[in-house]
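One structure is given below, encoded as structure tokens.
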Amino acid sequence: MNLEGLTLKLVTDNLNTELLGSKIYRVYMPSPHAVLLLVKRTRDTSALMADMNGASPALFIPSKQPENPETPPSFCMLLRKHLEEGRITKIYQSGLDRIITLEIDMLGQSSKIITKKLIFELTGKNSNIILTQSACDDAQEDIIIDSLKHIGAAQSSYRCVLPGKAYVAPPPQAGLNILTAAPADIVSATNSLPSANFAKAFVSATTGVGKATAAQLLAAADILPQTVRLESAEAQALVRVLTELQQSLQNANPKPVYALVSRTNQVKTILALKPQVLEPGMSAQEFSDINSAINYAVSLKPIQLPQHEQLQKLVTAEGAKLKKKLAALGEDLLHAEDAESQRMLADTIMANLYQLKKGQTSAELCNIYDGELVNIKLNPMLSPTDNAQAYYKRYNKYKRAQSEVRQQIEATETLLAYMASLDASLLTATTKNEIEEIRQEMVAAGLIKEIGKKKKTALQKSQPLHIKLSQGVDLYIGKNNKQNDYVTFSVGGPRDLWLHTKDIPGSHVIMKCEHGKPAAEELALAVQLAAYFSKARTGSNVPVDCVERRYVKKPTGAKPGFVIFTNQKTYYATPDEQALAPYLKQG
């Protein structure tokens, strides 16, 4: 889980509301990378959990306290010595950086107030918890008492995080504060930055915003992700969206937040604004406040799918290569389509041989087809006749290239469509067997090369999703290309209905009805499920083709999951995951 600076602003606001003025009465470390502070508030007791686990740091008030080890680690004992009986007097964020600091007042000798700082650096894999104290009353720098992780000079040339050293914060973000800078200034600054696209430039030009929030802001302003520079109307739309965001976050009251959950049941990030677009396989969960969202995120148990991420990266990389190849072939075809002009030049030279002499570098001749003057480049080392033959050779070469390039384009487009089908299969795969079937399919297609002879293990055949819509009406949904072929040609009978998203990779769906044709509401539900089990899961008005299975054929030698069909009727549906939930649970 990667929390952006903007989201951590909500965390800071929540901690100020819930914990400011509280007294720390106990410190625990439930794990080597987590610290738990138990606090007394005016009305009751509460807690603060700081979990610095790997790349998913979190700072929150836990809804359920974890078990604590019998023997506390040395860092826990040090925190107890320095923090217990201390009162939290200040909680603040460093700008919109991912650093939150607690100032804790202790009663020292001669009833003197001593202020210590507990600094939470929520910076991904480099996250840390650092305890500091001013060297003396008027000192401007804080001295490190100790930290969860020590960083020496060999690990970082920028700063050392060691006891006795002066505390140096991580390098601050450069850019305009997304909450306080004028929206027009933000848009102008972003437009002036050189970048591959506007979204990347937006992240560079601002602080507190990552690519997840940037993508949602652009979508809210109806700006395409690949846009490089904004036109006037687009800039005004983004200014409006940024103004609304700033107004909504001006006060510290709890606000709805949205957790983006991946297909592997992990929260990738939490957004401070309602998501407009979702990546394939991603779903959004709304929460009334940031603390509830973080508690939900840490409670999830990831689905372990061996090789899933590796296969996903391979498919994505191969798809990108094919798109690049397709663009290059398109340019080759444009050159090849210049064949007729080469023949025209050759014919014109042959008709005007009497005007030409060896040694000329060019000649302005009358085009024999339209009578217009045309300037023709000539090789001075060749005779007029040999120059004409050179143009004829180029004409023949271009004519042959047209056919070859078109064949390559067709083959590349077919392979690109196949990559999209594999990507759709990975989107819906949820078990180890389904993932392994996709891997084996990719091996058979030559996309993965296995080194040496691997011992074959008995693989239990994965089963398609079976959903009972009503008495006598059943749906069978393929979740990879192998299952798609099985569902269509083994499960489906000639008169059963076959459904698939139109021109969009997705599952093959067979609808079996014991009593003839399905009711209208049953067919509408089947259409919505077909749209849901496709790459257009998060889209609206998704087109779905429906036809009797007898009109579906598999061409000889076609790749897994590829079919052709006729006599289809197209329906449209917008997948509603909440409405489909009772049926999805059947699987």
Side-chain angles (χ1 to χ4, degrees), residues 191-201 223-232 234 314-420 445-447 449 503 555 557-559 562 564:
N191 243 352
S192 65
L193 287 180
S195 183
N197 58 57
F198 190 85
K200 288 184 178 179
I223 298 170
L224 296 175
Q226 64 270 26
T227 301
V228 178
R229 294 286 180 273
L230 299 190
E231 299 296 335
S232 177
E234 293 173 321
L314 194 152
V315 168
T316 302
E318 190 65 27
K321 282 167 55 179
L322 289 170
K323 288 177 182 177
K324 190 174 180 180
K325 180 180 178 181
L326 203 57
L329 287 171
E331 292 181 6
D332 290 344
L333 186 59
L334 286 176
H335 289 302
E337 287 176 343
D338 193 37
E340 289 303 320
S341 68
Q342 303 302 308
R343 185 169 69 87
M344 178 272 293
L345 294 174
D347 290 346
T348 299
I349 292 173
M350 289 300 293
N352 292 277
L353 286 176
Y354 65 94
Q355 297 187 46
L356 304 174
K357 294 179 182 179
K358 186 176 180 180
Q360 288 182 254
T361 57
S362 65
E364 193 169 62
L365 302 173
C366 183
N367 186 334
I368 64 171
Y369 293 100
D370 60 16
E372 297 288 332
L373 289 176
V374 59
N375 190 280
I376 303 175
K377 292 182 179 180
L378 300 172
N379 187 338
M381 304 300 293
L382 300 178
S383 67
T385 303
D386 288 340
N387 267 296
Q389 291 303 317
Y391 276 106
Y392 279 130
K393 284 181 181 178
R394 197 172 299 142
Y395 162 71
N396 290 325
K397 177 183 176 182
Y398 284 2
K399 287 293 287 184
R400 289 193 302 272
Q402 283 186 33
S403 175
E404 292 171 2
V405 171
R406 285 196 177 98
Q407 288 177 7
Q408 289 187 50
I409 287 175
E410 184 178 348
T412 304
E413 287 176 338
T414 300
L415 194 52
L416 193 56
Y418 180 56
M419 288 298 110
L447 296 170
K449 292 182 180 179
D503 300 325
K559 291 189 178 295
F562 181 80
I564 56 175

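Sequential numbering from 1 along the given sequence is applied to the chain's residues. Values below: every heavy atom of this structure, side chains too, minus hydrogens, waters and symmetry copies.
Shown here for Asn375 and Ser362, the closest heavy-atom pair between the two residues is OD1-CB, 3.9 Å. The two residues Gly319 and Leu416 come nearest to each other via the heavy atoms O-CD1, 3.6 Å. What you find for Cys366 and Gly371 is that their closest heavy atoms are SG-O, 3.4 Å. Listed here is the closest heavy atom pair of Glu234 and Glu231: OE1-N, 3.0 Å. Closest approach of Pro380 to Lys358, counting heavy atoms only: O-CG, 3.7 Å. Scanning both residues, Val228 and Ser195, for their nearest heavy atoms gives CG1-O, 3.9 Å.
You'll find the side chain of Phe562 stays beyond 4.5 Å of the side chain of Thr414, heavy atoms only. For the pair Arg343/Tyr369, a side-chain contact is recorded, criterion being any heavy-atom separation below 4.5 Å from C-beta on. Between Leu356 and Asn387, every side-chain heavy-atom pair lies at or beyond the 4.5 Å cut-off. Using a 4.5 Å cut-off on side-chain heavy atoms (C-beta onward), Ile349 and Leu378 make contact. With contacts defined as side-chain heavy-atom distances shorter than 4.5 Å, the pair Leu322/Tyr418 does not qualify. Within the 4.5 Å cutoff, the side chain of Lys559 has heavy atoms near those of the Leu415 side chain. Looking at Arg229 and Asn191, their side chains come closer than 4.5 Å, going by heavy atoms from C-beta outward. By the 4.5 Å heavy-atom criterion applied to side chains, Met350 and Tyr392 are counted as neighbours.
Rounded to the nearest 0.5 angstrom, Asn396 CG and Gln342 CD are separated by 11.0 Å. Rounding to the nearest 0.5 angstrom, the gap separating the OG1 atom in Thr361 from the CD1 atom in Ile376 is 12.5 Å. How far CG of Leu345 is from NZ of Lys377: 11.0 Å, rounded to the nearest 0.5 Å. Atom CG of Leu353 and atom CG of Leu365 lie 9.5 Å apart (nearest 0.5 Å). The line from CE of Met344 to OH of Tyr391 is 9.5 Å long, rounded to the nearest 0.5 Å.
With sequence neighbours excluded, the residues forming a salt bridge (charged side-chain N to carboxylate O under 4.0 Å, His left out) with Lys321 are Glu318, listed by chain and number. Applying the side-chain hydrogen bond (donor to acceptor under 3.5 Å, both in side chains) test to Asp370 and every residue at least two apart in sequence or in another chain returns Asn367.
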Tabulate below the donor-acceptor pairs under 3.5 Å that side-chain atoms of residues 404-413 make, not counting sequence neighbours, or state none.
unit_1 : atom_1 : unit_2 : atom_2 : d
Arg406 : NH1    : Gln402 : OE1    : 3.4
Arg406 : NH2    : Glu337 : OE2    : 3.3
Thr412 : OG1    : Gln408 : O      : 2.7

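Counted within 6.0 Å of CD on Gln355, heavy atoms from surrounding residues, nucleotides or ligands total more than 12; the atom is thus considered enclosed.
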